[in-house]
Amino acid sequence: MKYARAFIAALGYELAPVVVTSTELEARLEPLYRDLRFVPGQLQALTGIRERRWWEPGYPLSKGAIAAGNKALDAAGVSPGDVGMLIYAGVCREQFEPATACRVAAGLGIGGNAAIFDISNACLGVLNGILEVANRIELGQIKAGLVVSCESAREINDIMIDRMLADRNMERFASSLATLTGGSGAVAVLVTDGSFSPSGNHRLLGGVTQAAPEHHGLCLWGISPDGSGSFTQTMSTDAVNVMNYGIELGRRTWASFLPEIGWRPEQVDRVICHQVGSAHQSAILKTLGIAPEKDFTTFEFLGNMGTVSLPLTAALAAEREMLSPGDRVGFLGIGSGLNCLMLGVQW
């Protein structure tokens, strides 16, 4: 995939207000730790995550997405009436029907001839949404599109902590560890044809996607009957194989990505990876031969926010002047499924 007319015009984000440390989560798990003879500090040692953020209880996902969307539109000087496509791409959504994008679009004042719908693809949703908007721009169908997402980790963490305390064994701990890395946040990515403002645009050069759907059973988040006629959320992750097969998929994708974009490895100035944790970061950078100083991370203080993690990390990297005009920046996403999507951006 190559693009000639698509630009990332602005990134907007909303941080969740409640800081939750790994120490606090371990304090809630003290009976489990005692039975398994764990010493405190395991969670941060295994994941590199010091803290993450949660929304207040009952916080609407659409509210976070609207806040992030308004910031992106304001930053680029684009009016809601100019947006021809609104995609909500979060793993978390407000109901089965209608699309969460509809409530977000109403809150932003987007409507009329705009295409409004959800995309769901685990942690890759926002990157997939960027491509959908870019495709329509290249075809001349729209001039601007907005991709938004809001993820919430509070509810699934509370549920899984209760289950870990009920089933105090190593198997439950291992399959639930990845859930405890989850953080909350919201993000918006505004993609345009570059005609709205002469400055601040970052050229989307293109990307490559690769898939390994035979590994679809490694990370599962859904609902199941609770035995009383209702349903409850459940999550389990084979973290070891997610990492091993994910890194192999990343290696294949990287090998296709560089020639597609026309970059040599040494020409890549910065990378923003999906934020899983320290073990994944170290393994993927080593496998791809990328120097650690080229990567910018937020998992240490924001955790894994699913679809929100990569674009929000890019926004923070830009704010902290880690991305300079002209930099060749790789957005490297790997998601459950397994799917891998890498985008090249001339910053």
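Quick note: residue numbers are just sequence positions, from 1.
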Does any N or O in the side chain of Arg270 come within less than 3.5 Å of the main-chain N or O of Arg328, such that one atom is a donor and the other an acceptor? no
Quick one: CG on Leu146 to CG on Leu190, what's the gap to the nearest 0.5 Å? 5.5 Å
With side chain to side chain contact (heavy atoms under 4.5 Å, CB included) as the test, would you mind laying out the steps for Phe196 and Asp82 before giving the verdict? CA-CA 9 Å; Phe196 292 91; Asp82 291 321; 3.6 Å; yes
So do the side chains of Val148 and Ile87 get within less than 4.5 Å of each other, counting heavy atoms only? no
Classify the angle between the aromatic ring planes of Tyr33 and Phe38 as parallel (below 30°), tilted (30 to 60°) or perpendicular (above 60°). perpendicular
So Gln346 and His202, do their side chains get closer than 4.5 Å, heavy atoms only? no
Pair Glu24, Thr21: side-chain N/O donor-acceptor within cut-off below 3.5 Å: yes
Contact summary for Trp263 and Val345, nearest pair of heavy atoms: CH2-N, 3.8 Å
So, Glu155 versus Ser152: side-chain donor-acceptor pair below 3.5 Å or not? yes
Polar side-chain atom of Gln267 near backbone of Arg264 as donor-acceptor pair, under 3.5 Å: yes
Return the minimal non-hydrogen interatomic distance between Ala144 and Thr192, and the atom names on each side. CB-CG2, 3.9 Å
Scan Asn128, Ile130, Leu332 and name whichever one has a side-chain contact (heavy atoms from CB on, under 4.5 Å) with Leu341. Asn128
So, taking the atom named CG in Leu25 and the one named OG1 in Thr179, what distance separates them when rounded to the nearest 0.5 Å? 11.0 Å
If we count only N and O atoms by modelled type, under 3.5 Å, do the side chains of Glu51 and Ser22 hold a donor and an acceptor together? no
Establish, from distance only, whether the side-chain atoms of Ser149 and Thr307 form a donor-acceptor pair under 3.5 Å. yes
In the structure I gave you, are the side-chain heavy atoms of Arg172 and Met160 within less than 4.5 Å of one another anywhere? yes
Measure the spacing between NE2 of His215 and CG of Asn244 and express it to the nearest 0.5 Å. 10.0 Å
Sequence neighbours left out, cut at 3.5 Å: what donor-acceptor pairs do the side chains of residues 5-19 make with other protein atoms?
| unit_1 | atom_1 | unit_2 | atom_2 | d |
| --- | --- | --- | --- | --- |
| Tyr13 | OH | Glu319 | OE1 | 2.8 |
| Tyr13 | OH | Glu319 | OE2 | 2.8 |
| Glu14 | OE1 | Lys71 | NZ | 2.6 |

Tell me, yes or no, whether the heavy-atom count around Glu321 atom CD, taken from other residues, nucleotides or ligands under 6.0 Å, exceeds 12. no
Minimum-distance pair of heavy atoms, taken over all atoms of Met243 and Ala283: SD-CB, 4.5 Å
Electrostatic pair Asp158:Arg28 at N-O distance under 4.0 angstrom: yes
Does the side chain of Asn135 reach to within under 4.5 Å of the side chain of Tyr3, using non-hydrogen atoms? yes
Within a radius of less than 6.0 Å around NZ of Lys63, do more than 12 heavy atoms belonging to other residues, nucleotides or ligands occur? no
Please assess Ser184 against Glu151 for the test side chain to side chain contact (heavy atoms under 4.5 Å, CB included), listing each intermediate value before the final yes or no. CA-CA 5 Å; Ser184 305; Glu151 305 287 17; 5.9 Å; no
Donor-acceptor pair, side chain of Ser176 and main chain of Phe173, under 3.5 angstrom: no
What do the steps show when you test Thr234 against Arg163 for side-chain hydrogen bond (donor to acceptor under 3.5 Å, both in side chains), and what is the final call? CA-CA 9 Å; Thr234 183; Arg163 292 187 179 180; 2.9 Å; yes
I would like to know whether Leu218 and Thr237 meet side chain to side chain contact (heavy atoms under 4.5 Å, CB included); could you show each step before the answer? CA-CA 6 Å; Leu218 298 180; Thr237 306; over 6 Å; no
Show your working on side chain to side chain contact (heavy atoms under 4.5 Å, CB included) between Leu310 and Gln275 and close with a plain yes or no. CA-CA 7 Å; Leu310 194 157; Gln275 307 289 303; over 6 Å; no
If you group Ile, Leu, Val, Met, Phe, Trp and Tyr by side-chain heavy-atom gaps below 4.5 Å, do Val271 and Phe331 land in one group? no
Quick one: does Asp226's side chain have a donor or acceptor within less than 3.5 Å of a partner on Ser228's backbone? yes
Less than 4.5 Å apart, any side-chain heavy atom of Ile223 and any of Thr232? no
Gap separating the CZ atom of Arg52 from the CG atom of Asn304, nearest 0.5 angstrom: 10.5 Å
Using the ring-ring contact (aromatic ring centres under 6.0 Å, His included) rule, collect all pairs that involve residues 108-158, keeping only residues at least two apart or in two chains. none
Do Cys219 and Met235 come close enough that some side-chain heavy atom pair is under 4.5 Å? yes
Heavy-atom check, side chain of Lys294 versus side chain of Pro292, under 4.5 Å: no
Does Asp118 pair with Arg93 as a salt bridge, N-O distance under 4.0 Å? yes
Do Ile116 and Leu61 sit in one hydrophobic cluster, given that two such residues count as connected whenever their side-chain heavy atoms are within less than 4.5 Å of each other, even indirectly? yes
First locate atom CG of Leu29, then atom CG of Asp35, and finally report the distance between them rounded to the nearest 0.5 Å. 11.5 Å
Which heavy atom of Cys273 sits nearest to which heavy atom of Leu285, and what is that distance? SG-CD2, 4.4 Å
Straight-line distance of Trp347 CH2 to Ser324 OG, nearest 0.5 Å: 11.0 Å
Shared ILVMFWY cluster between Tyr88 and Trp55, side chains joined below 4.5 angstrom? no
What pair of heavy atoms forms the shortest contact from Trp221 to Cys92, and how long is it? CH2-SG, 3.6 Å
With heavy-atom distances below 4.5 Å as the criterion, would you say the side chains of Leu316 and Thr313 are in contact? no
For atom CD of Glu171, decide whether the heavy atoms of other residues, nucleotides or ligands shown that lie under 6.0 angstrom number more than 12. no
Least distance between heavy atoms, Ala239 atom then His280 atom: O-NE2, 4.4 Å
Is it true that Val189 and Met85 fall in one hydrophobic cluster, defined by side-chain heavy atoms closer than 4.5 Å? yes
Glu300/Thr297 under side-chain hydrogen bond (donor to acceptor under 3.5 Å, both in side chains): CA gap, chis, key distance, verdict: CA-CA 7 Å; Glu300 302 93 336; Thr297 64; 2.7 Å; yes
Quick one: side chains of residues 245-262, donor-acceptor pairs under 3.5 Å with protein atoms, not counting sequence neighbours, listed by atom name and distance.
| unit_1 | atom_1 | unit_2 | atom_2 | d |
| --- | --- | --- | --- | --- |
| Glu248 | OE1 | Arg251 | NE | 3.0 |
| Glu248 | OE2 | Arg251 | NH2 | 2.7 |
| Arg252 | NH1 | Gln210 | OE1 | 2.9 |
| Thr253 | OG1 | Leu249 | O | 2.8 |
| Trp254 | NE1 | Leu288 | O | 3.4 |
| Ser256 | OG | Arg252 | O | 3.4 |
| Glu260 | OE2 | Met1 | N | 2.7 |

Linking I/L/V/M/F/W/Y whenever their side-chain heavy atoms sit closer than 4.5 Å, directly or via other members, would Ile119 and Val308 fall into one cluster? yes
